[in-house]
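Remarks on the structure that follows.
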Amino acid sequence: METVVRGLALVLPGLEVERVEGVAPVEVIGKRVLAVRRYGKFIVVDFTEGMLFVHLGMTGQLMLSGEEGKFTRGRVVLDRGVLRYDDIRKFGKMFWGTEYPERGPDPLEVSGPEFVARVQRRRTRIKALLLDQSFLRGMGNIYTDEVLFRAGIHPMAVGAEMSRERLLALHGAMQALLLEAIEAGGSSISDYVNARGEKGSFQEQHRVYAKKGQACVRCGEVLERILVVQRGTTFCPKCQEL
DNA sequence: ATCGGTACCTGCACGC
DNA sequence: TGCGTGCAGGTACCGA
């Protein structure tokens, strides 16, 4: 989402909405874009009064250029350019609002001590916690699996039982991972593209996500796949012991 | 508070 | 080639 936002922020500010089509909310008509920001996994387009929230779900794409397709679900036509919304599975959403949805702190902004304190208050498994948007806004399945591998933590480990040191290491690994992923333009598995329709390359640096059966890059052990809160989870049983 | 199950929707990879 | 199954960057809601 961060990489989509960065692309949109280069182009949209100052433009005025002329009309909308499809799922785009009518409230934006006639309003001028002030800024484009990210709020967790939401893309937030700031207008003179109120905000357009866009959540891409699993397969959503928000683009400034490129061809219309079978899965184009909506458009925001501006005085200079068109913002097009495509979504194969229709899990994404666009809506107008004046208040932010209730969410936890941003993983890139939360401090180490605050992160530790929040985790230690909870009895649930660390993977479920990282995925919970009311706990942290922004971590998804890819980066959760990747960061737990980097920090050497089992996805079923209970947060409240982990030491301050391990949690601080997890916090540091999480911020480093996200910054590297943003630097690489994000992870494109099948559908993800930025605002210009370009794929990211961080998938080339994934170490465990969707790599069940492959050898662990650190120890050579065969990577395992389990289900945690109904999400496919891949980890190294040797480097990430319970 | 937390969890499993289900639902939403479409495409794709895989086995037979 | 075709069919059935399971899986997918997410989230909401249900009942236990």
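Each chain gets a letter, A, B and so on, in the order the sequences are listed, and its residues count up from 1.
Using a 4.0 Å heavy-atom cutoff across all strands shown, A:Y143 reaches no nucleic acid atom at all. Residue-level contact check: A:R121 touches neither bases nor backbone, having no heavy atom under 4.0 Å from any strand. Among the protein residues, A:T59 comes within range of no part of the nucleic acid, since none of its heavy atoms lies under 4.0 Å from any strand. Across all strands shown, A:T124 has heavy atoms under 4.0 Å from sugar-phosphate atoms exclusively, and none from any base. Nucleic acid contact for A:K212: none, since no nucleic acid atom lies under 4.0 Å from a heavy atom of the residue. Within 4.0 Å (heavy atoms only), A:D87 reaches no atom of the nucleic acid at all. A:R137 comes within contact range of no nucleotide atom at all, as no heavy-atom separation falls under 4.0 Å. Within 4.0 Å (heavy atoms only), A:I189 reaches at least one base atom of the nucleic acid.
Taking every heavy atom of both residues into account, A:F135 and A:P105 meet most closely at O-CD, 3.2 Å.
When the C1' atom is used for both C:dG9 and B:dG4, the distance is 22 Å, rounded to whole Å. Taking atom P on both B:dG5 and C:dC7, the two are 13 Å apart, rounded to the nearest angstrom. Rounded to the nearest Å, the gap between the P atom of C:dT5 and that of B:dA7 is 16 Å.
For A:R89, no side-chain nitrogen or oxygen approaches OP1 or OP2 of C:dG10 to under 4.0 Å. In this model, the phosphate group of C:dC7 is not approached by any side-chain N or O of A:R231 to a distance below 4.0 Å at OP1 or OP2.
With centroids closer than 5.5 Å and planes inclined by less than 30 degrees as the test, A:F91 and the base of B:dC8 pass as a stacked pair.
Note on A:L177 and A:L131: separate hydrophobic clusters, where clusters join Ile, Leu, Val, Met, Phe, Trp and Tyr whose side-chain heavy atoms are under 4.5 Å apart, directly or indirectly. Cluster annotation: A:L148 is connected to A:V110 through the hydrophobic network of ILVMFWY side chains, with a link wherever side-chain heavy atoms come within less than 4.5 Å.
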Side chain to side chain donor-acceptor pair (under 3.5 Å) between A:Y143 and A:S187: does it pass, once the steps are laid out?
CA-CA 9 Å; A:Y143 299 122; A:S187 301; 2.6 Å; yes

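When each of C:dG9, B:dC3, B:dT10 is scored by its nearest atom to the side-chain atoms of A:K90, the top-ranked nucleotide is B:dT10. Candidate nucleotides C:dG10, B:dC3, B:dG11 were compared by shortest atom distance to the side chain of A:K41, and C:dG10 ranks first. Here the nucleotide nearest the side chain of A:Q230, chosen from B:dT10, B:dG4, C:dA8, is B:dG4.
Considering A:E241, A:K211, A:Q240 as possible partners of A:F235, the one that fulfils the side chain to side chain contact (heavy atoms under 4.5 Å, CB included) test is A:Q240.
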